[in-house]
Visitor: 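Questions regarding the structure given below will be posed in turn.
Below, each value reflects all heavy atoms present in this structure, side chains not excepted, and no hydrogens, waters or symmetry copies.
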Amino acid sequence: MKVQSYKIPKSSFMSVDKDLALIIDMMLKNKNLKKLLFYTSRDALSRDPLTEAQSAELIGKNIKIVPKIYVDGSVETYVIITMDNFTTNYSNPQFRNNTINFDIVCHYDQWPLKDFQMRPFRIAAEIDEMFDNKHLTGIGILQFMGAEQITLNDEYGGISLVYQAIHGGEDKKHAPNSNDEQKLVDDFNELYGIVPHE
């Protein structure tokens, strides 16, 4: 019995999940950002650092990759990460340039922090410090493109940050290759006890 070889799609869309995981991992290393998302009080930045369990709770609740907010009576602060505006990269055609959007949304009652700071802009400062002009392995160099205020309704609003991800030649080493494809086939055959015909 001959098994059809499975070919990994050669598309930069296949790397979106890896890119999101890398971005979220960086965000979870930022103590101030986590406090601003977790604590709703004006003194959020002076509160205790989050535990590992509290940090893990942020994923999917406060740090979201699906652009939908559930209004369930709890008043949360959100960062919604989305990829958009994919375009051809002519110098590195295995990848597409794209924008990465960080939509920072919180209840208007939670905007004020101490010393005239505003929560959405303080969160924006933390994100901008982490990502502007930084090279993220496999994603490329992120360049700040702009920001604009967003209003969802009479209770929630914030700011949207946009970064351009420009893939360079060094990112090619993260592309799927024939060795990866062969390993997938070999693992499949081993798992199901299939001996391919020569």
Visitor: Determine the minimum heavy-atom distance between R119 and A44, stating which atoms define it.
Guide: NH1-CB, 3.9 Å
Visitor: Tell me every residue that passes side-chain contact (heavy atoms from CB on, under 4.5 Å) with A21, counting only those two or more places apart in sequence or in another chain.
Guide: none
Visitor: So I123 and F102, do their side chains get closer than 4.5 Å, heavy atoms only?
Guide: no
Visitor: Residues in ring-ring contact (aromatic ring centres under 6.0 Å, His included) with Y108, at least two apart?
Guide: W111
Visitor: Please name all residues satisfying side-chain contact (heavy atoms from CB on, under 4.5 Å) with Q54, sequence neighbours left out, ordered by chain then number.
Guide: F38, L50, T51
Visitor: I need the minimum non-hydrogen distance between V105 and L152, along with the two atoms involved.
Guide: CG1-CD1, 3.5 Å
Visitor: Among all residues two or more places apart in sequence or in another chain, which pass the side chain to side chain donor-acceptor pair (under 3.5 Å) test with D48?
Guide: none
Visitor: Side chains of H107 and T40: closer than 4.5 Å at any heavy-atom pair?
Guide: no
Visitor: So does L22 have more than 12 non-hydrogen atoms from other groups sitting under 6.0 Å from CG?
Guide: yes
Visitor: Would the distance check show the side chain of N62 and the main-chain N or O of T77 forming a donor-acceptor pair, the cut-off being under 3.5 Å?
Guide: yes
Visitor: Going by heavy atoms in the side chains, are I59 and L28 under 4.5 Å from each other?
Guide: yes
Visitor: Is V162 isolated, or which residues cluster with it under the ILVMFWY side-chain rule of less than 4.5 Å, directly or via members?
Guide: M145
Visitor: Show your reasoning for whether side chain to side chain contact (heavy atoms under 4.5 Å, CB included) applies to I104 and V79.
Guide: CA-CA 5 Å; I104 303 157; V79 176; 4.3 Å; yes
Visitor: Using every non-hydrogen atom in the two residues, find where I80 and P67 come nearest and quote the distance to one decimal.
Guide: CG2-CA, 3.6 Å
Visitor: Do you know which two heavy atoms are closest between N30 and N32, and how far apart they sit?
Guide: OD1-N, 3.1 Å
Visitor: Could you list all the salt bridge (Lys or Arg N to Asp or Glu O under 4.0 Å) pairs where at least one residue sits in residues 56-69, not counting sequence neighbours?
Guide: K61-E76
Visitor: R47: what forms a side chain to side chain donor-acceptor pair (under 3.5 Å) with it, not counting sequence neighbours?
Guide: S41
Visitor: With a 4.5 Å heavy-atom cut-off, do Q149 and I159 have their side chains touching?
Guide: no
Visitor: Do I24 and I65 come within less than 4.5 Å of each other through their side chains, counting heavy atoms only?
Guide: yes
Visitor: In chain order, what residues pass the salt bridge (Lys or Arg N to Asp or Glu O under 4.0 Å) check against K31, with sequence neighbours excluded?
Guide: none
Visitor: Please list, chain by chain and in numerical order, all residues satisfying side chain to side chain donor-acceptor pair (under 3.5 Å) with K34, sequence neighbours excluded.
Guide: S55
Visitor: Hey, are the side chains of M27 and L58 touching, using non-hydrogen atoms and a 4.5 Å cut-off?
Guide: no
Visitor: Between atom CG of L45 and atom CG of D115, what is the distance when rounded to the nearest 0.5 Å?
Guide: 10.0 Å
Visitor: Please confirm whether the backbone N or O of E155 pairs with a side-chain atom of N153, one donor and one acceptor, at under 3.5 Å?
Guide: yes
Visitor: Could you list the residues that satisfy side chain to side chain donor-acceptor pair (under 3.5 Å) with Q164, not counting sequence neighbours?
Guide: none
Visitor: Kindly state each residue pair satisfying salt bridge (Lys or Arg N to Asp or Glu O under 4.0 Å) with at least one member in residues 124-144, sequence neighbours excluded.
Guide: R122-E126
Visitor: Given side chains that start at C-beta, do those of L113 and L36 come closer than 4.5 Å, heavy atoms only?
Guide: yes
